[in-house]
Amino acid sequence: MIRDAQLEAIFAAFRGTEGPLLPILHEVQHAFGCVDAEAERSIAHELNLSRAEVHGVVSFYHDFTPASDLRPCIELCRAEACQARGVEALVPATEEAAGTRVKLKTVYCLGLCSVGPAARVGERVYARLDSAALIKLVHSV
Amino acid sequence: MTRVRISDDAVAVACGADEVSSAFAAAGASVERVSSWGMHWLEPLVEIDGIGFGPVSAADVGAILAGSCDKRIGLIAEHSFIARQQRLTFARAGKTRPLSLDDYAATGGWAGLTRARSLAPQALIDEVTGSGLRGRGGAGFPAGIKWQTVANAAGARKYVVCNADEGDSGTFADRMLMEGDPFQLIEGMAIAAHAVGADRGYIYVRSEYPHAIAKLTAAIKLAAPRIAPFGIEVRVGAGAYVCGEETSMLNSIEGKRGEVRAKPPLPALEGLFGCPTVVNNVLTFAAIPHILIEGGAALYDSHGVARSKGTMPIQLAGNIKHGGLYETAFGITLNELVHDIGGGTASGRPVKAVQVGGPLGAYIHPDRFDIPFDYEAYTVADALIGHGGIVVFDDTADMGHMARFAMQFCAAESCGKCTPCRIGSVRGVELIDRIRGQGSAAPDAVSRLPQMHNAAKQAPTREANLQLLEDLCETMKGASLCALGGFTPYPVLSALKHWPEDFS
């Protein structure tokens, strides 16, 4: 019931917005940690779309996940510029340090290409990472 | 009290600028957070009375205030990295507080918009066309002609959309502008709106840029009375690289899957919600206020070479000693950019390759570092300028691996609408693996079935595989709907051409 009220509050905020689906999905993902089938059903009803249409959009974008993952998440950039600065050599030890406790997510570019390897945890960004700094970051989240 | 200026750009913050700021505040200094000068190897860069210190950590604060710090770099404005640039779009970089309307107005802000609104839309469009400004997103289409098309199109509603989905690795100029000088982007969009008769605008920013989203949202609120009746809204992407393609971005704003649309119809005629829409990159809009001041168009046109006019904010990234933002007129060579300005590699090893234009740009061999930075010259050399990002690799780079990565990236980020991109990229990865002797060379179980008359019964030779890879690249180039599939062959073929030894 709390969930329904939260969803209704999100929907209400975007009534009158042009093309409201993406902003709604961001809010739902933020509030519940995922956009699951139940949420897709409610969104479809709210926007007068089919569930398939909503699911098609949800599954297209990397930012929306079907199930919540409560683990802390480190987004590590592994695009060309960070590769040129040696990020690939840091990956095995970081994966080992992360184990199953920390989610290590690959992203392509955080826009910190002159000071890589770079990573992001929530709103915080980190640059000039070496193996020690990255493993320290894994242990700190 | 000592007044200290420190950037609050994401690069500076990622390198510890917040901690340095707190340390200065604790030591009794007054701290002003400004935009970044773009000298990223010196971040966090601290400025006191024009004198720079960097890269600074919290431990250096005492020495700096005591006047005994050895990280002093002299007057920042006279530093060779800054003094050699021709900064128009980034004229305020390092000098103003990003969200200060006073700073913006004091440095010539809103002059372009005020003058633009005193002009008839047609006169305004003529000035933009006359400046020679071409779209900075990658395709380099003349901005004035695009605006003219939208202005001439019939439509009850028109839109101005800013493409801030800067997904290319090695590019960060859009991010720096949105975080450092957001009012300039807003002013440029408001001018475009006046030119074409639009009253709504969107800025589509990628979700990987939380700092830029926060700054833009705040700046739009502050500038709203100034740009009214035009209104702007920020839309946040959701991690899809392909949404940097304009039609895919429009679909995304509309709340659809970020799939590419076939063109025609052009977005200028049928864009957002089917209405005529101006879609330009952040840097294109940000160049507009300068062009619209008295005499600005002629000044802009006086920079650059041939048909590449004005200045380009070039981004020096990857394994480079002096990385950062370098805005200069077109015509500069890679030799100057990588060696003279960039100082060679950060690792100190020889430069092996440079990728210009993001993940879809060609790898350029040091033998060809004399090509002038110019849209047409790059096209002739089978390369592209794209968004102006330059990623340097040292001699430890495995170009065969980078070619594979290009295909793998395309496979991961393809929107799936067209076959050459969706399937070609997957086949490309398999082929490169086979060529590099890492995949299975023998025909698979299906190929060995008796009814598969046309399937090869022996493993194809290396030459046959190389030929196949080139054919595949030709198909992707010519038959893909957008630049993702169409340009992925550039890094692949250039790597294969210049570093064949990395494919064995």
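What you are looking at is a predicted structure, and each value in this text was computed from that prediction instead of being measured. Every chain is numbered from 1 and lettered A, B, ... according to where its sequence line falls, protein lines coming before strand lines.
- For B:Ser347, no part sits under 4.5 Å from any heavy atom of chain A, backbone or side chain.
- In this structure, the separation between CG on A:Leu110 and CZ on B:Arg175 is 9.5 Å, given to the nearest 0.5 Å.
- Heavy-atom distances place both the backbone and the side chain of B:Ser207 under 4.5 Å from chain A.
- Nearest approach of B:Val391 to A:Ala84, heavy atoms of both residues: CG1-CB, 4.1 Å.
- Within 6.0 Å of atom CZ in A:Arg51, 12 or fewer heavy atoms from other residues, nucleotides or ligands are found, so the atom counts as exposed in its surroundings.
- For B:Gln315, no part lies under 4.5 angstrom from a heavy atom of chain A.
- Only the side chain of B:Val242 comes within contact range of chain A, with heavy atoms under 4.5 Å apart.
- At a 4.5 Å heavy-atom cutoff, the contact between B:Glu254 and chain A is made by backbone atoms alone.
- If you measure heavy-atom distances from A:Phe64 to chain B, the contacts under 4.5 Å come from the side chain alone.
- Within the 4.5 Å cutoff, the side chain of B:Glu233 has heavy atoms near those of the A:Thr17 side chain.
- With a threshold of 4.5 angstrom between heavy atoms, A:Val107 does not approach chain B through any atom at all.
- Of the listed residues (A:Gln29, A:Glu75, A:Arg85), the one with the most heavy-atom contacts under 4.5 Å to chain B is A:Arg85.
- Looking at A:Gln83 and B:Ser169, their side chains never come closer than 4.5 Å, going by heavy atoms from C-beta outward.
- Residues of residues 397-404 of chain B that come within less than 4.5 angstrom of chain A, heavy atom to heavy atom, are B:His401, B:Met402 in numerical order.
- Taking the six-membered ring wherever Trp is involved, the centroid distance between the rings of B:Tyr241 and A:Tyr108 does not fall below 6.0 Å.
- Here the OG atom belonging to A:Ser114 is positioned 9.5 Å from the CG atom belonging to B:Leu325, to the nearest 0.5 angstrom.
- Side-chain contact between A:Glu80 and B:Tyr363: present, with at least one pair of heavy atoms (C-beta onward) separated by less than 4.5 Å.
- With B:Arg235 contributing its side chain and A:Gly19 its backbone, the two residues share a donor-acceptor pair below 3.5 Å.
- Only the side chain of B:Cys243 comes within less than 4.5 Å of a heavy atom in chain A; its backbone stays farther off.
- Rounded to the nearest 0.5 angstrom, A:Ser59 OG and B:Arg257 CZ are separated by 5.0 Å.
- Ion pairing of A:Lys105 with B:Glu208 is absent here, as no side-chain N (NZ or NE/NH1/NH2) approaches a carboxylate O to less than 4.0 Å.
- Considering only heavy-atom pairs separated by less than 4.5 Å from chain A, the leading option among B:Gly318, B:Pro491, B:Gly323 is B:Gly318.
- Heavy-atom pairs under 4.5 Å with chain A peak, among B:Gly389, B:Gly167, B:Gly239, B:Ala212, at B:Gly239.
- Between chain A and the residues B:Ala10, B:Gly358, B:Pro359, the largest count of heavy-atom pairs under 4.5 Å involves B:Pro359.
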Please evaluate residues B:Asp168 and A:Cys109 with respect to the criterion side-chain contact (heavy atoms from CB on, under 4.5 Å), reporting the C-alpha separation (whole Å), side-chain torsions for both, the decisive distance (0.1 Å), and the verdict.
CA-CA 7 Å; B:Asp168 289 355; A:Cys109 203; over 6 Å; no
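- Contact annotation for B:Asp18: neither backbone nor side-chain heavy atoms come within less than 4.5 Å of a heavy atom of chain A.
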The test is side-chain contact (heavy atoms from CB on, under 4.5 Å); show your working for B:His211 and A:Val125 and say whether it passes.
CA-CA 10 Å; B:His211 294 81; A:Val125 282; 3.7 Å; yes
Would B:Glu413 and A:His62 count as a side-chain contact (heavy atoms from CB on, under 4.5 Å) here? Give the steps.
CA-CA 10 Å; B:Glu413 296 298 332; A:His62 299 299; 3.3 Å; yes
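- With respect to chain B, the highest number of heavy-atom pairs below 4.5 Å among A:Leu21, A:Val58, A:Val57 belongs to A:Val57.
- For the pair A:Leu22 and B:Tyr204, the minimum side-chain heavy-atom distance is below 4.5 Å.
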Could you walk me through whether A:Phe60 and B:Asn251 pass the side-chain contact (heavy atoms from CB on, under 4.5 Å) check?
CA-CA 12 Å; A:Phe60 183 86; B:Asn251 276 339; over 6 Å; no
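- Most heavy-atom pairs under 4.5 Å with chain A: of the set B:Ser252, B:Ala406, B:Cys415, B:Gly324, this distinction falls to B:Ser252.
- Among the candidates B:Gly258, B:Cys15, B:Gly237, B:Gly16, the residue making the largest number of heavy-atom pairs closer than 4.5 Å to chain A is B:Gly258.
- Using modelled atom types, one finds a donor on one side chain and an acceptor on the other under 3.5 Å when comparing A:Glu18 with B:Tyr159.
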